[in-house]
Amino acid sequence: MYMSTDEVRNAFLKFFESKGHQIVDSSSLVPHDDPTLLFTNAGMNQFKDCFLGLEKRNYTRATTAQRCVRAGGKHNDLENVGFTARHHTFFEMLGNFSFGDYFKEDAISFAWEFLTETLKLPKDRLLVTVYETDDEAFEIWNKQIGIPADRIVRIGDKKGGKPYESDNFWQMGDTGPCGPCTEIFYDHGEHIWGGRPGSPEEDGDRFIEIWNNVFMQFNRHADGTMEPLPKPSVDTGMGIERISAIMQGVHSNYEIDVFQRLIKAAADVIGYEDLSNQSLRVIADHIRSCSFLIVDGVMPSNEGRGYVLRRIIRRAVRHGNKLGAQGAFFYKLVGTLASVMGTAGEELKKQQAVVEKVLRIEEENFGRTLERGMTILTEALDNLGDEKVLDGETVFKLYDTYGFPADLTNDVAREREFAIDEEGFEKAMEAQRQRAREAGQFGTDYNAAIKVDTDTEFCGYISTEGSSSVAAMFVEGAEVEALSAGDKAIVVLEQTPFYAESGGQCGDAGVLKTAAGIFKVEDTQKLGNAIAHHGELVEGVLAKGDEVEAIVDAQRRTAISLNHSATHLLHAALRKVLGEHVTQKGSLVKPDSLRFDFSHLEAMTKAEIKEVERLVNAQIRTNHVIETNVMDIESAKAKGAMALFGEKYDDEVRVLSMGEFSTELCGGIHASNTGDIGLFKIISESGIAAGIRRIEAVTGEAALDAIETQASQYEDKLSDAASKAKSLEKEIQQLKDKLAAVESANIMGKVEEIAGTKVLVTALEGADSKNLRTMMDNAKNQMGSGIAFIANVADGKVGFIAGVTKDLTGKVKAGDLVKMVAEQVGGKGGGRPDMAQAGGSDVEALPEALKSIRSWLEERL
C-alpha cells in the first residue's frame, strides 16, 4: 500500500490520537534551557522534564512528529550525508510518549497494531530486539503479539563495556532515568546484503531498524545501583523517512517522494541531468536542515548554532559548484521544500521569503571566497605527494581565513583520496579558543555558585509593598546568618513585591526595612525558584528570619512598566510593517529607555521607521485597556497569543492583550492603559548580527525630551545651513562675476567694424542669463564707442541683450535692435536706447536673426 510521506505522518498522529494521546506540535530545533544539546535531535527532547518529574502537563500521553537536526556536537552525521542510504542532517521523528501512564504491554501493542493494521506491513517482514535480560518484553512479543521466538533477538552489553552499555539499553546519562529498549526491524529482502541484528553482518542494509521503544523504569545512581521508578514511562521514535521508504516500495531514503522532488528541483536549477549524482542528494538533504533552522531563528554566523548552519549551507553550495552551478541556486529550492513537506511545512510557507533571502545572501557571500579557497586547497593537495594527509595548520587557515569548515575541506580531500590531520586542526582551534578565553576573563561570578532551596512567592502584580521574612542571605557566594552596615549581599525573602529580571524587563530596586536596619535593593534577579535582592545594608543590622517591609521604588517601576508595554506595541507594529517573519530576539526594558532586538535582514528605511512610530502612537492615543488573563497554554494559542522565540512556558500562562493590536504571553509588569505610555519615539535602528536588527526607543517625557533635543538640533543645523548657503551664494556670485569678465574678454576678439563703428555680435551656449548685463557693461567699456549684441541659448530658450554707447544712440537705439531680433525668434522686446533685453522661444531661428543685424545696422550708420 503506497503512502506519501505526508500521509504517513498524518496516519501516525491520528492513530495515537485515537489511543488517547495529545498531539503536540514539533518543538523548535533550538532546545530551550538545555545546554547539553546543540539542536533538538530526538522526539523526547521537549518532554525531558516530564520524564524527570520536574514538569507536569495536563496530559499523560503525547504524540509528535518532531523536527530533528544532527549536524554538530556529539550527534554529527554531516560527513556521511549524501553518501549512504539513511544519513541526514535533518529528519522527522514520529513518537508516542507515556508519562507514568501505560508501559511495555500497551507500547508494544500500539506499535504492532499501527505497523500491521494501519500501514498493513507484512508480519513476516518484521522482527524485534529486546534487552538480553528483559524477559517481560520478550514474553509480550512472544505470548501476546505472537512473534516466534526465533524472530525475537536478545541484545546484551557490548564486549568490554560497562554494565548496561548496550544498543538495547537507553540512559539519559551516567546517572538518572534509564531502561531497556525494544527495537522493530524491517527485512528489505534477501537480495540486499546484511544480517539480523546481533549478527556479524548486522551493519548491512537488509534489516533496517524502523522503531525504537524505550522503557524508562530505573533511576541509576552513581554507585551503579538501579532503583525502580515509581512511575515507569515510555519514549518511542520512528524515523519518518525510513518508514516512508518502506511504504513507497524503495530501499534508500533518498528515493522517497520528498527527496525525489527536491533532487529533481536541484537538478533543474543547476542545469544538471544525472539525477543519481550524490551531490544532488547532499543538496536535497541540506536544504531541509538549513530552511528549518532559519525558520526556528538560527542565522548564519561564526559561532555556535549559526556556525553549524553556515557549514551546512557552504557544503551544499560547494556540491552545487561541483555540478557546474552558475550563481546563487540553493535558495531557489525553498519553495519546493515548503510544498513537499505538506502539513509539516506550514511555518516554512509563512517565512519562505525570509528563508530565501538569508540563504541567498549567505550563498553570495560564500561564492566570493569559494574560488580563492578552492585554489589554495587544490594547490595544497597537489603538493602532498605520497603523504596523503593534509596538515592541520592548512585546514585551520582555510577555516579561519576563507570560511572553509573542516568537514568541507575533508569532503574535498576525501574525493581525491586524501585525509586531513584532524588532531592538528583541533590543536590550532584550541589555541584560538585559549586566546579568546584569555581575552575574556573578567573575574569571579559568586552568584553562579549560590544554591537556594527557598521558593519565593512573587506578590508584585498588585502592589509595590509587602511584608515578609528573610529566608537566606549571601555574601560573595557564601551563606551568612547576619549582615552589618556596609555589607554588599544578596537577600532572599519568603515572598516579595520585587520583580526579578525576566523576559527582558530589568529587576526592581527599592528598600527592605526593619526596625533595626535598611537594606538598599539595587537589583533583583532569579536564583532558581528564589528571588534574590542584590544590594547593600546601608544602616543597622539584618539577620536571617527578620521581618521586613519590602518597598519597591514605585516611580521607577512605573517607568519600566510603560516601556515594557511599549515594547509589545513595537513588536506588533514591526510585524505589520515589515512582515510576520519578525520575531523577538531579545529585549531590555529599563526605566529610561527600551531596547528591542528582532529578526530582519535589512536596515529599516526612514519611511518604515516613521510608519512603525505612527502605528505605536496611534495605539497609545486609542488608550486600550491593557488586559491580563491567566489561562492554559492551548487556550492562549487559540486566542492568538504570540509566544516569544526560545521562551518556555508553564501550562498556565499570562496572556497580555492591548485591544486587537497586540496579544502576547508575558509574565512582566505593565501599564493599565496604553494611553499611560504618552508618547513613543525611536532613537536608533541598527544591525547587531547577521539577520538581527536592534531598535532603541523612549516613551513619555523621555520621548518629549528626545523630540525637543532633535528639534533643537534641527534648528541649529538649519541655522548653520542658512548661514553657509548665504556665504556660498556670495562666493558663487563672485565666481560668476569673474567668469563673466573672462567671457567678456574672450568675446572681444569677435569685434568688427561697420561703417567705421565697432560692432560686436555673438551667441553663447548655457551662460548664466543673470551675467549678460555684466558682460555687456564690460564689452561697452572695452570698446569705448560701439554697439554690442549678446545672445544666449539655455534650457531650450533664447535670451539676448543689446547695448549702445551714448555717443551713438542718436543713430542706433538698443531697444529698436532688440525688438527687431525678438520678432524673428518668437518673442517681444524693447527698452532704453543704451541698454535693452528680451527673449524668444525659437532657437532654430536665432542664426538667421543674428545675420540680419549687419544689414540693419548698415542702414542706420
Would you say the side chain of [Y] lies within less than 4.5 Å of the side chain of [X], judging by non-hydrogen atoms?
X: Arg693; Y: Asp597; value: no
X: Val30; Y: Leu293; value: no
X: Ser244; Y: Met247; value: no
X: Cys68; Y: Glu92; value: no
X: Ile208; Y: Arg242; value: yes
X: His581; Y: Arg575; value: no
X: Thr40; Y: Val69; value: no
X: His286; Y: Ile313; value: no

Evaluation steps, side chain to side chain contact (heavy atoms under 4.5 Å, CB included), between Phe418 and Val389: CA-CA 6 Å; Phe418 288 92; Val389 178; over 6 Å; no
Note: [X]-[Y] ion pair, threshold 4.0 Å (strictly below):
X: Arg305; Y: Asp296; answer: no
X: Glu362; Y: Arg310; answer: yes
X: Glu611; Y: Lys606; answer: no
X: Arg315; Y: Asp411; answer: yes
X: Lys264; Y: Asp268; answer: yes
X: Lys610; Y: Glu613; answer: no
X: Glu602; Y: Lys357; answer: yes
X: Glu685; Y: Arg694; answer: no

Rounded distance [0.5 Å steps], CG in Leu570 versus CG in Leu594: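 Going from the CG atom of Leu570 to the CG atom of Leu594 covers 6.5 Å.
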Rounded distance [0.5 Å steps], CG in Asn410 versus CZ in Phe425: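 CZ of Phe425 is found 10.5 Å from CG of Asn410.
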Under a plain distance cut-off of 3.5 Å, with no hydrogens placed, do [Y] and [X] share a side-chain donor-acceptor pair?
X: Thr583; Y: Ser599; value: yes
X: Ser587; Y: Gln584; value: yes
X: Glu664; Y: His571; value: yes
X: Gln66; Y: Ser26; value: yes

Glu364 and Arg360: CA distance, side-chain angles, deciding distance, salt bridge (charged side-chain N to carboxylate O under 4.0 Å, His left out) verdict: CA-CA 6 Å; Glu364 290 172 350; Arg360 178 176 57 78; 3.6 Å; yes
More than 12 heavy atoms from other groups under 6.0 Å of CD on Glu415: yes
Residues, nucleotides or ligands: over 12 heavy atoms within 6.0 Å of Lys322 NZ: yes
For residues 341-350, which side-chain N or O atoms pair as donor and acceptor with protein atoms under 3.5 Å away, sequence neighbours left out?
| from | atom 1 | to | atom 2 | distance (Å) |
| --- | --- | --- | --- | --- |
| Thr343 | OG1 | Asp6 | OD1 | 2.8 |
| Thr343 | OG1 | Asn10 | OD1 | 3.4 |
| Glu347 | OE2 | Gln351 | NE2 | 2.9 |

Side chain to side chain contact (heavy atoms under 4.5 Å, CB included) between His568 and Met658, worked out: CA-CA 9 Å; His568 282 237; Met658 303 182 190; 3.7 Å; yes
Leu574 vs Phe596, side chain to side chain contact (heavy atoms under 4.5 Å, CB included): CA-CA, chis, key distance, verdict: CA-CA 11 Å; Leu574 285 169; Phe596 188 77; 3.7 Å; yes
Identified side chain to side chain contact (heavy atoms under 4.5 Å, CB included) counterpart of Leu390 within the set Leu377, Asp421, Asn383: Leu377
Side chain to side chain contact (heavy atoms under 4.5 Å, CB included) partner of Ile682, the single match among Val616, Val612, Val698: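 For Ile682, the side chain to side chain contact (heavy atoms under 4.5 Å, CB included) check succeeds only for Val612.
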Any pair counted as ring-ring contact (aromatic ring centres under 6.0 Å, His included), so long as it reaches residues 289-330, sequence neighbours left out: Phe90-Phe292, Tyr307-Tyr399
Compare every heavy atom of [Y] with every heavy atom of [X], then report the nearest pair and how far apart it is.
X: Glu356; Y: Gly335; answer: OE2-N, 4.1 Å
X: His564; Y: Gly668; answer: CE1-CA, 3.8 Å
X: Asn45; Y: Asn41; answer: OD1-N, 2.8 Å
X: Ile677; Y: Ser565; answer: CD1-CB, 4.0 Å

Polar side-chain atom of Ser27 near backbone of Gln46 as donor-acceptor pair, under 3.5 Å: no
Exam field: side chain Thr663 to backbone Ser657, donor-acceptor pair closer than 3.5 Å: no
Side chain to side chain contact (heavy atoms under 4.5 Å, CB included) assessment of Arg311 paired with Val308: CA-CA 5 Å; Arg311 287 166 57 196; Val308 176; 4.1 Å; yes
For Ser291, side-chain hydrogen bond (donor to acceptor under 3.5 Å, both in side chains) partners two or more places apart: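 Scan of Ser291 (side-chain hydrogen bond (donor to acceptor under 3.5 Å, both in side chains), adjacent residues dropped) gives none.
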Pi-cation contact, Tyr254 with Arg281 (under 6.0 Å, within 45°): yes
